[in-house]
Amino acid sequence: MPRTQPNIVITGTPGVGKTSHCELLAANTVLKHLSINQVVKDRGCHDGWDAEFKSWIVDEEKLLDSLETEVPNGGYIIDWHACDLFPESWIDLVVVLRTDSTKLYDRLKARNYPEKKLQENLDSEIMEVLLEEAREGFDADVVVELRSDEVGDLQSNVERIEAWIEAWKKDNSGKED
Ligand code: DAT
């Protein structure tokens, strides 16, 4: 059945502002914020806890199995620092958030990230790892790169995504008739 609401992935290096964007979008639209971190934890889609990196070791197969009955129906804002695991057919828009590295450093430092994890994430942001992953996994017209340096960026990005959702709904209305 065709989706009547789109699925949007909000991705980027930890600390770029994914959760902030997803929460504001979920408050302003009917789309639901799907925190993959929470799903991994709550539904046990992992092979344990990595003590050095202080993060779950994600079992991607279990994760996809647990999402496949809900996500393809549409209406989700998916909050995750990766996007290439999601089947292309599930996703209508991939937003890659980007942040200036000094700002990212301060945000991750404030989170008390272990030094190694902090450096790896900074390197990943500088090398555009997540942007590259999105571009390799999805068509160019599905991927959009947005700055998330200032609070004003958060507001304008969310407005832009809301406008995109409306346009998507117009383009896709009537397809189920
Ligand atoms: P993520 O979910 O990508 O890890 P977050 O939404 O938790 O990021 O944000 C990390 C911190 O940075 C948090 O204190 C809010 C702040 N932040 C996020 N986006 C911002 C922006 N565009 N301008 C200023 N601060 C921002």
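Numbering of ligands and ligand atoms starts at 1, following listing order. Throughout, residue positions are numbered sequentially from 1 according to the sequence presented.
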> More than 12 heavy atoms of other residues, nucleotides or ligands under 6.0 Å from CD of E115: is that the case?
Replying inline: yes

>> I need the Q5 CD to I77 CD1 distance, nearest 0.5 Å.
In response: 10.0 Å

> Just checking, is any N or O donor in the side chain of T19 or D79 under 3.5 Å from an acceptor N or O on the other one?
Replying inline: yes

> For R160, does the CZ atom sit with more than 12 other heavy atoms under 6.0 Å from it, leaving out its own atoms?
Replying inline: no

> So, the side chain of N7 versus the backbone of V71: is there a donor-acceptor pair under 3.5 Å, distance only?
Replying inline: yes

>> Within 45 degrees of the ring normal and closer than 6.0 Å to the centroid, is that where the cationic atom of K32 sits relative to Y76?
In response: yes

> Measuring from each atom of ligand 1, which residues have a heavy atom under 4.0 Å away?
Replying inline: T13, P14, G15, V16, G17, K18, T19, S20, R107, R111, S148, D149, E150, V151

